[in-house]
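Contents: one structure, followed by commentary.
Throughout, a chain's letter reflects where its sequence line sits, starting with A, and its residues are numbered from 1.
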Amino acid sequence: MQLSLYNTLNRKVEPFIPIEEGKALMYCCGPTVYNYAHIGNLRTYLFEDILRRTLEYNGYDVRHVMNITDVGHLSDDGDEGEDKMVKSAREKGKTITEIADMYTQAFFQDTDALNILRPTISCKATDHVTDMIALIERLEAKGHTYTAGGNVYFSIDTFPRYGELARLKVEDLQAGARIVVDPNKRNPMDFVLWFTQSKFANQAMVWPSPWGVGYPGWHIECSAMSIKYLGETFDLHCGGIDHIPVHHTNEIAQSEAATGKRWVNYWIHGEFLINETGKLSKSKGEFLTLSYLKERGYHPLDYRYFCLGGHYRSQLVFSWQALDSAKSARERLVKQVLALKGEAGSPSLTLSEGGRSYIETFIGHLNNDLNAPRALATIWTLLKDEELASDEKLALLYEADKILGLGLKDVKEEIVVIPEEVQALVDQRLEAKAAKEWAKADELRVIVEEMGYSLKDTSEGTIVTKICNQNSR
RNA sequence: GGUGCCGUACCCAAGUGGUAAGGGACAGGUCUGCAAAACCUCUAUUCACCGGUUCGAAUCCGGUCGGCACCUCCA
């Protein structure tokens, strides 16, 4: 079945047709490494991972490039702000490089834990300043730039299609409604390609350039690096929905103005994770990181499962209750896999007609603009199908998990080391049970539970498991 | 002021013209000394509200109310 994706450029679901048959060239906007990623940021990488895995499942050789932004963004205080990297370094008493390395590492720790496949190429902005300068020079040579107040600006009036992606009507925008307009700009929508006039003192990260010592503007890195690694026209560009009006709009302007070619064929944007009060933010309310979720007793894949339950183009409402549901569902799924493994031993090597139809339905949903919730529902339906043998169910789950990425192939029974004193109590309880001293047996159960272990009496004997952290509010 | 999205059961959430997926929770049942687990069953005559188009609407059109995001670094 043909893979179709919603293309922001045309605002509709379109069949995916790559530039080169069998290949998919994909660029994803990566993190600014000045702080930990919050779970909303991670939702976007999760959706991109589903996209990548779906492309690969469809047989495409995916070249997946992601930038690591370690320079050049202002903090949220508008023009009075400070470079986020510099600020973070100052606050933590570290060098900028240390900060970048630390948060880059933390980022990949999170994405690894979520089973997000690493990009084919991840590239740091600071390693590509010469590429950015070269691109600005191309723009300059074609007359798309001007210098004012020491900075190099992109002139949007030289690019008639400006704002096409976001469907901006330039004349209707209230420039400066929320920030002070830079008086050097000819058009309020113009943006800086290269700064030499630092807006903040002691700018630590500067490079020599034809326009003077300075640092690159906020958008140029993505254009420079994507063109370098994917070419002047490539297939897919992904990111959060917030990037449409400014970041991606500006990227398109500078890239296409420089090359004179169509830059990206498919723009794929993920919606936000929100909570009951609206958008998640790094500055207000709880700063929800994956580590925090882990502290509260959730497995990283509980969060992956949670995100799979909503469509990537819809806002998803985060709540602890919703995450609890995902946790219960994922744990049940894991138990089912374990049970199937026990029954079947190994997955079936061939599929019946019925089995094949499930996998077709499954991939059909994903190929229809990544409908992961439907795909997931197919899994549950399949598990309930009495016509299917265990080994076939297992094979189907493994197959589906190539895209779902829930690590189903790797699940194992948890081996719990039981402390001697707990084991002694368990043994005492068994004796009590044998003697039908139920009151005593129940009393011992309570004691053991208070020590953090739960007991299950089965036909095979008593099973002792460690009680996980309680995580309801 | 501009742009876009959304309102589906107790909660999360699919479905965008053919008669309401899935998960969680709850309840009942089987099993069990009890409990837990597992499994089974049940939960929306109805999709914010009003009107229209249609043989047929949660889905399309118009209006009303409510919520959210973006236009500023942001996933």
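Within the 4.0 angstrom heavy-atom criterion, only backbone atoms of the sugar-phosphate kind lie near A:G239; the bases stay farther away. Contacts of A:H243 with the nucleic acid, taken as non-hydrogen atoms under 4.0 Å apart, involve only primed sugar atoms and P, OP1 or OP2. Among the protein residues, A:R330 comes within range of no part of the nucleic acid, since none of its heavy atoms lies under 4.0 Å from any strand. Looking at heavy-atom distances under 4.0 Å, A:L323 makes no contact with the nucleic acid at all. Among the heavy atoms of the strands, none lies under 4.0 Å from A:E443. Within the nucleic acid shown, A:R332 comes within 4.0 Å of sugar-phosphate atoms alone, with no base atom in reach, counting heavy atoms only. Counting non-hydrogen atoms under 4.0 angstrom, A:S319 reaches nothing in the nucleic acid.
Residue A:K384 places at least one side-chain N or O under 4.0 Å from the OP1 or OP2 atom of B:rG23. Checking the phosphate oxygens (OP1, OP2) of B:rG15, a side-chain nitrogen or oxygen of A:N371 falls inside 4.0 Å. The shortest distance between the side-chain N/O atoms of A:S314 and the OP1/OP2 oxygens of B:rC5 is not below 4.0 Å. Of the side-chain N and O atoms in A:K335, one or more sit less than 4.0 angstrom from OP1 or OP2 of B:rA38. Between A:Q315 and B:rG7 there is no side-chain polar atom (N or O) within less than 4.0 angstrom of OP1 or OP2.
Nearest to the side-chain atoms of A:W218 among the listed nucleotides B:rC73, B:rC34, B:rG22 stands B:rC73. The nucleotide whose nearest atom lies closest to any side-chain atom of A:R445 is, among B:rA35, B:rC73, B:rC74, B:rA35. Nearest to the side-chain atoms of A:Y45 among the listed nucleotides B:rG24, B:rC12, B:rA75 stands B:rA75. Candidate nucleotides B:rG33, B:rA13, B:rG15 were compared by shortest atom distance to the side chain of A:R429, and B:rG33 ranks first. Comparing B:rA21, B:rC68, B:rG4 by their closest approach to the side chain of A:I274 singles out B:rC68. Among B:rG15, B:rG22, B:rG24, the nucleotide with an atom closest to any side-chain atom of A:S328 is B:rG24. Candidate nucleotides B:rG22, B:rA75, B:rC12 were compared by shortest atom distance to the side chain of A:N41, and B:rA75 ranks first. Set against B:rA21, B:rA35, B:rC70, the side chain of A:R374 has B:rA21 as its closest nucleotide. Of the candidate nucleotides B:rA75, B:rA35, B:rA13, B:rA13 has the atom nearest to the side chain of A:P373. The side chain of A:P245 approaches B:rC70 more closely than any other nucleotide in the set B:rA25, B:rC70, B:rG33.
Remark: A:R11 fails to qualify as a cation-pi partner of A:Y6 under the 6.0 Å distance and 45° angle criteria applied to the six-membered ring. The side-chain tip of A:R118 points at the ring of A:F108 from less than 6.0 angstrom away and within 45° of straight on.
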Would you write the dot-bracket representation of RNA chain B, where each base gets (, ), [, ], | or . depending on whether it forms a Watson-Crick or G-U pair under 3.5 Å and with which partner? (((((((..(((.....[...)))..((((.......))))......(((((..]....))))))))))))....
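Note: CZ (A:R43) to C1' (B:rC74) measures 16 Å, nearest angstrom. Between the CD1 atom of A:I244 and the P atom of B:rC73 there is a distance of 15 Å, given to the nearest Å. At whole-Å resolution of the value, NZ in A:K440 and C1' in B:rC34 are 17 Å apart.
Not one N or O on the side chain of A:D190 forms a donor-acceptor pair closer than 3.5 Å with the backbone of A:Y153.
One finds no salt bridge joining A:R429 and A:D442 here, because no Lys/Arg side-chain nitrogen approaches an Asp/Glu carboxylate oxygen to under 4.0 Å.
A donor-acceptor contact under 3.5 angstrom links the side chains of A:H248 and A:H269, judged on distance only. No hydrogens or angles considered: nothing links the side chains of A:D110 and A:Y36 as a donor-acceptor pair under 3.5 Å. Between the side chains of A:D369 and A:S4, not a single donor N or O lies within less than 3.5 Å of an accepting N or O.
Ring orientation note: the planes of A:H247 and A:H219 are tilted relative to one another, at an angle of 30° to 60°.
Residue ring and nucleobase are stacked for A:F272 and B:rA75, with a centre distance beneath 5.5 angstrom and an angle between planes beneath 30°.
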Run the ring pair (Phe, Tyr, Trp, His ring centres under 6.0 Å) test on A:F154 and A:W194 for me, step by step, so that the C-alpha distance in whole Å, both residues' side-chain angles and the decisive distance to 0.1 Å come before the verdict. CA-CA 9 Å; A:F154 182 91; A:W194 189 267; over 10 Å; no
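B:rG1 sits 31 Å from B:rC12 when the P atoms are compared, rounded to a whole Å.
Along RNA chain B, the nucleotide nearest to A:W438 and the one nearest to A:H311 differ in position, and the one closer to the 5' end is contacted by A:H311.
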